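What's counted below: heavy atoms across the whole structure, side chains too, no hydrogens, waters or symmetry copies. These figures come from a predicted structure and were not determined experimentally.
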Amino acid sequence: MPSLLYFIVEQRKQPDLRGLPTAVVQYNAWKGGALIAVSYEARKYGVKRSMRGAESKQVCPQIQLVQVPVARGKADLSTYRNAGSEVVSILSRKGRCERASIDEVYLDLTDAAETMLAEAPPEILEVIDEEALKSHVLGLNSEDGSDAKESVRKWLCRNDADRRDKLLACGAFIVAELRLQVLKETEFTCSAGIAHNKILAKLASGMNKPAQQTVVPFSSVKVLLDSLPIKKMKQLGGKLGDSLQSDLGVNTVGDLLQFSEEKLQERYGINTGTWLWNIARGISGDEVEGRLLPKSHGSGKTFPGPQALKTIASVQHWLHELCEELSERLQLDLDQNKRIAHTLVLHATAYKVSDSDSHKKFPSKSCPLRYGTAKIQEDALSLFQAALREYLGSYTAKMQGSQNNHWGITSLSVSASKIVPIPSGTASITKYFHGHPSCSSTKQSQNNLIEEATPVPPSGNESYSEVNVTKPQIEFPGEETMIKYAETSSDQLEDKIDLLNDQNPCCSSTNQACDEFTQETVLVSTSGNEHCSGMNQSQPMKNYSGEESCVTLSMPSFNRQEQKRKAVKDKRTCSILRFFKNQDPSCAPQKLEHVENTEDVKAPPLSPGIQSRSNNCLDQNRSELPKERPPEDAGDSNVCGSFQIEHRRGGAWSYNIDEIDPSVIDELPPEIQQEVRAWIRPHKRHNTVKRGSSIAHYFLPTKNT
DNA sequence: CATTTTGACGCT
DNA sequence: AGCGTCAAA
């Protein structure tokens, strides 16, 4: 599963590592550091992630240990983030792309597959892509002595296949091509899963690694899931999966089929219950979100064992380091993607010695984010002090000297969230609302926006007198603001793609959004967003002179494209909502509400059956589901109620989503389509089942079946 | 108190 | 807003 992004990034810095057992370690002072990526050569020796460097040397003495770059005294993952961006910029070319992690994406290739099926179906291809022939097709019986590639070719090109499988076959070709493109342009290899929805594609992507792709034909879903250990499914690898096993005796996904949706809801809540019921049938309505950029940025560090921080001054020092990194990344995001973060969050973990509630968690605190390293640091420190006071309660003890005997901080992190694009759209929906008094004020300067985004300092500004008042006069080494990027020289990377081809068999023609076949690809990366505003992580960091060449060097193969793309979409916006919600001419960014806020506009609850409808991959199950409506109802069922904008702006606009003709959506520009589709998607329902604390409800008394 | 450093999302 | 869960390298 772990794809080898980190390792390949290091390998292209040191090509000599090729073919050698290698691991990437974070730090190395203590027991040789912690392994976070292990090459396949090293795995043969039993080297595993989470081992210590020294431990890996015991089982594989010749192992090469490469260190994660360190900046400001902490691990610096920026080279890996950038490498992920490279791959995203390629994989996002053929369809909607969702950055799922630093090295995974989902692609919805429905449109591309349908186009291919209509215009150049596999059966007419004279030359079949070799890479596509290497696909693994689940359920394909290649045991009868036939050559695997030949049977794959037959499957891919079958003329009499179910349309859904034909679309998957097209997806397999498209993905094979994308993977080759990634290899050619970046030297990363990818693995991929191709299926009708995200969860199946994710599952398949891990089945043949590295650098291979796996197709899940529609007809193989049931057999695949029947015997699949429940914990292999994404989201079931943790406590929920444990509970299913120990409380319900569910060991495979197939075992889940015995339980009614109501039963599962009763146990796990309305949303999780329905989700489980669907998952058991290979159904997932989870859509591929068109998002190439992260929703938050964070910087953190642990201080294990004796390294625990025991003075405010040391906390202040590390907050400075962390905030500097965070600020730098925020500035980069602003410059490259024209996005502003609105919330600063501080997390820490701490221990208290012998206190009744010494296990109390250190509280998290947040406040409005003000740009600038110094401001971020100041606010983070205030948040920390407020949290520390709360953590210690009325606990008042005397300090002796700068040290304290009562508490220690074992981890610190700062993060920035609520990141929204700067309103500066020209390619937005403005033109469709010609003459509408938009607030967009596209000319608003970044500085203005930032100013407006910055006001409120956190509360709890009082210095923490009971504990340690010594106002920091920190003189830690290396405190100066040095922006440092590890440089990557040549290129050659590796990755993984999970690809899906998701179709929705039961919603046929009435509803466009539902009618689609969705194919997706899970893979690594981030960066240039085709549909959203000028977000483009991969651009050279133009505002840091001296750094640009570094970044440019590290991604030579797509700079040209990036530059070209940038010229086209420098000024755009992603959100349609501001035109409705934010009529205030000042258009202050705090009030600028983005897509997330659509959640505030609640739709009436949907019946479970409606949610179940989407992306049903198990045809055979449909007849068993009385609650499911016939396909003709799908269009109506899926639109989920009224969307009322006037609450937000006191204006006069109000739409009933039921009244939107789905075919109209396709007329909209892609970036707007995304948002509209998000509106009409089924909403999560409020959980009316009363339960205890979040995890406790997993362990309620069992009454089976 | 030695796996670390991320990141997304759900619940209340 | 704050907490918890899950996942990935």
Side-chain angles (χ1 to χ4, degrees), chain A residues 1-10 23-27 29-38 48-53 55 68 74-78 80-81 83-84 98-104 202 206 231 233-242 268-272 275 286 289 291 293-310 322 325 329 343 345-347 349-351 353 361-367 387 390 408-413 415-418 494-496 522 524 526 596 599 684 686-687 689-698:
Chain A
M1 311 282 180
S3 91
L4 291 174
L5 181 105
Y6 287 31
F7 165 64
I8 305 286
V9 166
E10 295 304 325
V24 180
V25 299
Q26 255 172 177
Y27 313 120
W30 196 76
K31 297 188 179 176
L35 274 55
I36 58 173
V38 180
K48 297 215 164 73
R49 268 186 61 239
S50 92
M51 273 178 144
R52 289 280 159 190
E55 199 180 345
V68 170
K74 65 179 289 299
D76 176 7
L77 307 183
S78 58
Y80 310 126
R81 289 190 194 96
E98 174 181 335
R99 173 200 193 275
S101 77
I102 198 169
D103 78 329
E104 282 184 309
K202 169 63 182 167
K231 304 202 74 180
M233 293 293 280
K234 190 167 170 87
Q235 296 303 315
L236 298 182
K239 298 183 182 183
L240 179 55
D242 286 341
Y268 297 110
I270 190 152
N271 292 317
T272 302
W275 181 84
D286 191 12
E289 306 291 327
R291 181 179 55 77
L293 299 172
K295 290 182 163 181
S296 66
H297 298 291
S299 177
K301 179 169 172 55
T302 58
F303 306 96
Q307 294 183 30
L309 309 183
K310 310 195 88 174
L322 299 175
E325 183 194 329
R329 286 164 56 194
T343 303
V345 187
L346 179 128
H347 294 277
T349 56
Y351 65 86
V353 305
K361 299 264 188 202
F362 197 90
S364 297
K365 294 291 167 191
S366 63
C367 72
E390 186 177 319
I409 300 297
T410 54
S411 83
L412 268 183
S413 84
S415 58
S417 56
K418 296 192 171 71
E494 116 99 23
D495 263 81
K496 123 188 185 186
V522 183
V524 186
T526 59
E596 311 166 80
E599 290 168 18
K684 287 259 156 46
H686 181 60
N687 193 354
V689 181
K690 274 297 153 232
R691 308 222 167 257
S693 66
S694 60
I695 193 56
H697 78 263
Y698 290 166

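The P atoms of B/dA2 and C/dA9 are separated by 25 Å, rounded to the nearest whole Å.
If you check every strand for non-hydrogen atoms under 4.0 Å, A/Lys365 touches sugar and phosphate atoms only. At a threshold of 4.0 angstrom between heavy atoms, the contacts of A/Phe303 with the nucleic acid are absent. Contact annotation for A/Gln235: backbone-only contact, meaning every heavy-atom pair under 4.0 Å involves sugar-phosphate atoms and none involves a base. At a threshold of 4.0 angstrom between heavy atoms, the contacts of A/Ser415 with the nucleic acid are absent. Here A/Ser364 lies in heavy-atom contact (under 4.0 Å) with sugar-phosphate atoms only. Among the protein residues, A/Pro306 comes within range of the nucleic acid bases, having at least one heavy atom under 4.0 Å from a base atom.
The phosphate of B/dG7 (OP1 or OP2) has a side-chain N or O of A/Arg329 nearer than 4.0 angstrom. Not one side-chain nitrogen or oxygen of A/Lys48 sits closer than 4.0 Å to the OP1 or OP2 atom of B/dT3. For the OP1/OP2 pair of B/dA8 and a distance below 4.0 Å, the side-chain nitrogens and oxygens of A/Ser296 include at least one atom meeting the criterion. A close approach under 4.0 Å does not occur between any side-chain nitrogen or oxygen of A/Arg49 and OP1 or OP2 of B/dT4. In terms of phosphate contacts, A/Lys301 brings no side-chain nitrogen or oxygen within less than 4.0 Å of OP1 or OP2 of B/dT6. Side-chain nitrogen and oxygen atoms of A/Arg291 include at least one within less than 4.0 Å of the OP1 or OP2 phosphate oxygen of B/dA8. Between A/Tyr80 and C/dA8 there is no side-chain N or O to OP1 or OP2 distance below 4.0 Å. Under 4.0 angstrom from either OP1 or OP2 of B/dT6 there lies at least one side-chain N or O belonging to A/Lys74. Of the side-chain N and O atoms in A/Asn271, none sit less than 4.0 angstrom from OP1 or OP2 of B/dG10. For B/dA8, the OP1/OP2 oxygens have no side-chain nitrogen or oxygen of A/Lys295 closer than 4.0 Å. Distances shown here put a side-chain N or O of A/Thr302 below 4.0 Å from the OP1 or OP2 atom of B/dT5.
Applying the ring pair (Phe, Tyr, Trp, His ring centres under 6.0 Å) test to A/Phe362 and every residue at least two apart in sequence or in another chain returns A/Phe384, A/Tyr391. For A/Ser417, the side-chain contact (heavy atoms from CB on, under 4.5 Å) partners two or more places apart in sequence, or in a different chain, are A/Ser296, A/Thr343, A/Val345.
Between A/Lys74 and A/Glu325, at least one side-chain N (NZ, or NE/NH1/NH2) sits under 4.0 Å from a carboxylate O, which counts as a salt bridge.
Spacing between atom OH of A/Tyr351 and atom P of B/dA2 amounts to 11 Å, rounded to whole angstrom units. What separates CH2 of A/Trp275 from P of B/dC11 is a distance of 12 Å, to the nearest Å. Rounding to whole angstrom units, CD of residue A/Glu98 and P of B/dG7 are separated by 16 Å. The nearest whole Å value for the distance from the CG atom in A/Asp286 to the P atom in C/dA7 is 14 Å. B/dC1 atom P lies 16 Å from atom CZ of A/Phe362, rounded to whole Å. A straight line from CD1 of A/Ile270 to P of B/dC11 spans 11 Å, rounded to a whole angstrom. Atom C1' of nucleotide C/dG4 and atom NZ of A/Lys239 are separated by 8 Å, given to the nearest angstrom. Between the P atom of B/dA8 and the CG atom of A/Leu293 lies a distance of 10 Å, rounded to the nearest Å.
Side-chain proximity of A/Gln26 to B/dT5, C/dA8, C/dC3: nearest is B/dT5. You'll find that the side chain of A/Pro294 is closest to B/dA8, out of B/dT3, C/dT5, B/dA8. Distances were taken from every side-chain heavy atom of A/Ser366 (C-beta onward) to each of C/dG2, B/dC1, C/dA8; the shortest belongs to C/dG2. Nearest to the side-chain atoms of A/Ile102 among the listed nucleotides C/dC3, C/dA9, B/dA2 stands C/dA9. The side chain of A/Tyr6 has C/dA9 as its nearest neighbour among B/dT5, C/dA9, B/dT6. Checking B/dT6, B/dT5, C/dC6 against every side-chain atom of A/Ala75, the shortest atom distance belongs to B/dT5. Minimum atom distance to the side chain of A/Arg52 is reached by B/dT3, of the listed C/dA9, B/dT3, C/dA1. Looking at the side chain of A/Leu240, the nearest of the listed nucleotides C/dA7, C/dC6, C/dA9 is C/dC6.
Per the stacking criterion (ring centres < 5.5 Å, plane angle < 30°), A/Trp30 stacks onto the base of B/dA2.
Remark: side-chain polar atoms of A/Tyr27 are paired, donor with acceptor, to backbone N or O of A/Ala75 under 3.5 angstrom. Here the side chain of A/Glu390 pairs no donor or acceptor atom with the backbone of A/Ala387 at under 3.5 angstrom. With A/Ser364 contributing its side chain and A/His347 its backbone, the two residues share no donor-acceptor pair below 3.5 Å. Side-chain atoms of A/Thr302 do not come within 3.5 Å of backbone N or O of A/Pro304 as any donor-acceptor pair.
Residues A/Val38 and A/Phe7 fail the side-chain proximity criterion, which asks for heavy atoms closer than 4.5 Å.
Looking at which nucleotide of DNA chain B each of A/Glu325 and A/Ala34 is closest to, the 5′-most match is held by A/Ala34. Along DNA chain B, the nucleotide nearest A/Leu35 and the nucleotide nearest A/Ser299 are compared for position; the residue whose nucleotide lies closer to the 5' end is A/Leu35.
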